[in-house]
Each structure stands twice: as structure tokens, then as C-alpha cells.
Amino acid sequence: MLVAVVGGGPAGMAAAVAAKNAGADNVLLIERAERLGGVLPQCIHSGFGLNYYGRDLTGPEFAEYLRQDVMQSGIEVWLNAMVIEAHHDKTLVVSKPDGISFVRADVIIFAVGARERPRGAIAIPGTRPAGIFTAGTAQYMINVQGLNIGNDVFMLGSGDIGLITARRLTLEGAHVHGVAELMPFPGGLARNIQQCLKDYDIPLFLSHTVTEVLGKDRVEAVKVAQMENGYVVPGTEKLFPVDTLILSVGLLPEAELIKQLGLTILPYTGSAAVDQYFQTELPGVFVVGNGAGIWDLVDNVATSASVAGEASVKQFYEPSQEATLEPCGDIRVVLPQRIAIGVNNPPRIWFRVKRPLGVCSVALTCDGKTIARKGYASLRPAEMAEISLKLEQYNVIEPGDNLQLTVTPL
Ligand SMILES: Cc1cc2nc3c(=O)[nH]c(=O)nc-3n(C[C@H](O)[C@H](O)[C@H](O)COP(=O)(O)OP(=O)(O)OC[C@H]3O[C@@H](n4cnc5c(N)ncnc54)[C@H](O)[C@@H]3O)c2cc1C
């Protein structure tokens with residue numbers, strides 16, 4: 001039995017190790033870069049691994065721990081190998097330095113990560129000078145390539161990658177003039193707002209956006225204004241004399257390969273619908289990590305990908321034996337979106353909310369009937385929360401049920 005894992009980031013490595021430990025004869029890990037680790041080698045700050053390894057690690061350290069697990073498990077690793085096509089019969093076409101290879105797998109686990117939303121996707125008016133970077137690219141240039149990307153910086157979007165990059169730029173001697181966030185609440189985790197902005201006196205402008213970029217060859221300034229109901233509030237525009245604009249406006253799952261398989265792409269995750277094993281509607285094809293939906297912490301990525309790796313060697317259920325699950329109201333995203341029935345495995349349901357909520361109650365319902373309920377002291381859009389079903393709750397779900405996850409403020 002061959003399990004092919006596409007992508008050697010934390011999700012791919014964790015899934016490959018779990019598949020091998022669960023008894024897969026052959027596991028092939030295919031990574032397009034020259035090393036394993038995915039995004040982690042550029043995340044040189046700490047805060048990784050607390051749940052997965054019980055230790056506070058930096059990104060490169062976490063990647064190295066996982067790499068050691070891969071090496072000790074006897075997994076075959078192809079580096080500098082990019083999967084360029086995926087076929088319905090589970091054949092992968094791989095481009096390598098020595099030519100094209102065809103891999104006929106029994107199981108494919110896609111762990112291809114996400115890409116950053118670029119400027120074109122958010123249509124900021126103004127000129128097209130140099131000096132505009134996405135946060136992840138800026139982080140890579142500073143931490144891996146050792147480059148200075150700018151001296152006076154403004155940031156659009158308060159996602160975690162941007163917050164961490166704002167702190168890194170400050171430590172490197174740049175002046176970060178501020179962070180504008182379109183929403184009335186921050187996009188990143190509370191700990192990053194404190195540790196990356198407040199601790200360094202970097203102002204956060206909520207309900208603000210960049211309305212214009214100025215400059216001919218290089219960014220010379222940005223205009224920032226307050227927004228209300230999608231419109232600029234007159235008289236609130238400010239000019240920031242910066243040479244660099246960084247965009248931290250979200251990630252989108254890489255879905256090109258799974259689209260080739262004809263899988264339905266959900267509009268609210270940008271990826272295929274998966275069950276509690278992260279298996280898609282095509283038996284034997286799994287999608288994990290940021291490729292399945294955007295996770296908050298890499299520990300959750302590795303933990304969930306291990307579930308898929310372990311399941312990849314087990315017998316597959318009949319695709320018709322399933323219920324569906326959708327987010328409702330203030331729930332923005334839910335994972336899994338399908339629930340396999342009759343497999344004696346109550347799902348762990350992961351979700352994100354649309355807006356910050358105080359004390360609240362999350363309910364899993366079917367036709368108005370509550371199957372499970374859990375209370376939370378607070379929920380934040382930046383955090384992935386979870387609700388684990390008990391066996392007796394799972395057992396009342398029937399094939400064909402349309403389940404909904406809702407949240408009620410208390
Ligand atoms: C810039 C940035 C900073 C972050 N900082 C933090 C943080 O501080 N703390 C935290 O907990 N999380 C952080 N995260 C999130 C964390 O890094 C991700 O959750 C995690 O890396 C996702 O793992 P992944 O394996 O799904 O994707 P990735 O790490 O992106 O790995 C995907 C891998 O797939 C490979 N790949 C893609 N397509 C192909 C193909 N066709 N063929 C072969 N290989 C392919 C890629 O080269 C890559 O190595 C950050 C993420 C980013 C983007």
C-alpha cells in the first residue's frame with residue numbers, strides 16, 4: 001500500500017508519520033522546496049509546539065522535531081519535487097530535477113498549505129510602485145534571506161502573520177507607523193496584539209483602511225481613513241510618509257490540485273469538504289492543514305493532520321453513509337463539513353466565529369433538535385475553537401442529516 005503525501009510542511013510531515021506508524025507499507029512525502037518544514041523555517045519566534053510536543057519551540061525547531069520524526073519512521077522523501085497534476089485514479093505527475101515521474105498511489109494526502117491574498121485581491125487605489133509586500137513574503141525576506149525591506153512601514157490588516165512581522169521589523173530598526181484594520185476588532189490573536197503591537201507602541205487603527213498608495217518608483221506615502229458601512233468617513237483621512245506597505249489580509253488554501261480531481265470547493269473555506277478523518281468525497285483522497293482551511297496554530301495543524309494519516313491506512317466507509325454540517329449565523333467556518341456515520345468515531349468539530357463574542361453557547365442541531373451544546377467564556381475570530389462529540393451524541397446522527405452549528409450570546 002502506498003500513501004503519497006503532497007507537501008512537506010507541518011501538516012504533511014505529521015500525516016506521513018501517522019500513516020507510517022499506523023502500518024502503511026510505503027509512505028512517500030513529496031515536497032517542492034529543497035527542504036522540509038513549509039512555512040515554519042521563516043517563523044523564528046517562539047510559541048510553537050506547546051500542545052504537540054509539550055515544549056515552547058521556535059518555528060524552525062518545531063520543523064526540525066517533525067523532520068526527525070519523518071527520518072526515524074523510514075518515510076521516503078522527495079525534495080525539489082513538485083506535483084503538477086493529480087488524476088482521479090490517484091496518479092500524481094511529479095516534476096523533479098531529473099525529469100517527470102508518475103506516482104500511482106493507493107491513498108493521497110494533500111498537505112499543500114495556503115497562499116497569501118495579494119494586493120490585486122483587495123484593489124487598493126493608487127500607483128504601482130515598489131515597496132508593497134505581503135506579510136509572509138516580508139517575513140521570508142527578513143528572516144531567511146537577511147534583507148532589509150524598508151525603513152518606514154505601514155501595515156494593512158491585523159492578521160497574526162502581519163502582527164509578528166510588525167514586531168520583527170521594529171526589532172530590525174524600522175519604524176512601523178501603524179496597522180490599519182477594516183474590521184472593528186483585530187484579526188489576530190489577543191496575545192499577538194499585546195506582544196507585537198502594544199509592547200512596541202505600534203498604533204492599531206480599527207475600522208480603518210488604506211485608501212491610496214502614493215509614489216512613483218518606490219512607495220512614498222499611504223493615505224489611511226476611517227470606514228463606516230463600507231464608505232470612507234469624510235475628514236478622517238491621514239497621510240503616513242512611509243516607503244513600505246505590508247499587506248496582512250488573509251490566506252487562501254492552495255486548491256489547484258484538488259480542483260483537478262473535480263472536488264467541490266466550498267466558498268467559505270476555499271477547499272474541499274472533508275469528514276472527521278479529513279477525507280474528501282473521493283475515498284482515499286485526504287486534504288489536511290492550511291490546504292483544508294486556515295488554522296490558527298501549527299499545533300492544531302499537526303494534530304489534525306495526524307488523524308488523516310492514521311485513517312489513511314484504515315478501511316474506507318461507503319461515501320453515502322454520511323451527514324453534512326454547515327456553519328450558521330455568527331459561525332464563519334466549520335471543519336469537518338461532512339460526518340461519516342457508523343465508523344464509531346465521534347468527530348471533533350473545529351470552528352471560527354465571525355465577530356468577537358463574550359459568554360456564549362455553541363449548539364450542534366438537526367431539524368431544530370439539539371444534539372450537543374458547549375459553553376464558552378469568549379470566542380474570537382482569530383481562534384479556532386472546538387467541540388468534541390461524545391459517542392452517544394454521535395450515535396443519534398443519521399445518514400443524510402443536515403447538521404448546523406450555531407452560536408448564541410448569553
Ligand atoms: C508567514 C506565516 C507565519 C506564521 N506564523 C505562525 C506562528 O507564529 N505560530 C503558529 O502557530 N502558526 C503560524 N503560522 C501558521 C503555520 O505556519 C501554518 O498553520 C502551518 O505552516 C500550516 O502548515 P501546512 O503544512 O498546512 O502548510 P505549509 O507550512 O504552507 O506547508 C505546505 C508545504 O507544501 C508544499 N507544497 C505546496 N504545493 C506543493 C506541490 N504542488 N508539490 C509539492 N509540494 C508542495 C510547500 O512547498 C510547503 O512546504 C504562520 C503561517 C504563515 C504563512
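What you are looking at is a predicted structure, and each value in this text was computed from that prediction instead of being measured. Whatever order the structure lists them in is the order used to number ligands and atoms, beginning at 1.
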Exercise. Among all protein non-hydrogen atoms, which one is nearest to atom 26 (O) of ligand 1, and what is the separation to 0.1 Å?
Worked result: Asn290 N, 2.8 Å
Problem set entry | atom 7 (C) of ligand 1: nearest protein contact (heavy atom, Å) | Phe48 CZ, 3.1 Å
For this session: Would you mind checking which non-hydrogen protein atom is closest to atom 38 (N) of ligand 1, with the distance to 0.1 Å?
Result: Arg32 NH1, 3.4 Å
Seminar exercise, completed: Heavy-atom proximity to atom 27 (O) of ligand 1 ranks first, among Gly113, Ala14, Ala135, Ala15, for Gly113
Exercise. Is it the side chain, the backbone, both or neither of Tyr140 that has a heavy atom closer than 4.0 Å to ligand 1?
Worked result: neither
Problem set entry | atom 15 (C) of ligand 1 touched by protein heavy atom at under 4.0 Å | no
For this session: Give a yes/no on ligand 1: does Met82 have at least one heavy atom closer than 4.0 angstrom to it?
Result: yes
Exercise. So is Ala81 close enough to ligand 1, meaning a heavy atom under 4.0 angstrom away?
Worked result: yes
Exercise. What pairs with Arg168 under salt bridge (Lys or Arg N to Asp or Glu O under 4.0 Å), at least two apart in sequence or on another chain?
Worked result: Glu172
For this session: Measure the distance from atom 42 (N) of ligand 1 to every protein heavy atom, then report the residue, atom name and distance (to 0.1 Å) of the closest one.
Result: Val83 N, 3.0 Å
Exercise. Heavy-atom contacts under 4.0 Å between Cys43 and ligand 1: side chain, backbone, both, or neither?
Worked result: side chain
Problem set entry | The one among Thr137, Val39, Val288 that brings a heavy atom closest to atom 51 (C) of ligand 1 | Val39
Seminar exercise, completed: With heavy atoms and a 4.0 Å threshold, my read on which part of Ile30 contacts ligand 1 is backbone
For this session: Examine the proximity of ligand 1 to Glu254 and report which part, side chain or backbone, both or neither, has a heavy atom under 4.0 Å away.
Result: neither
Exercise. For atom 25 (O) of ligand 1, which protein heavy atom lies nearest, and how many Å away is it?
Worked result: Ala11 N, 3.0 Å
For this session: Run the contact test for Glu116 against ligand 1 with a 4.0 Å cut-off on heavy atoms, strictly below, and give the result.
Result: no
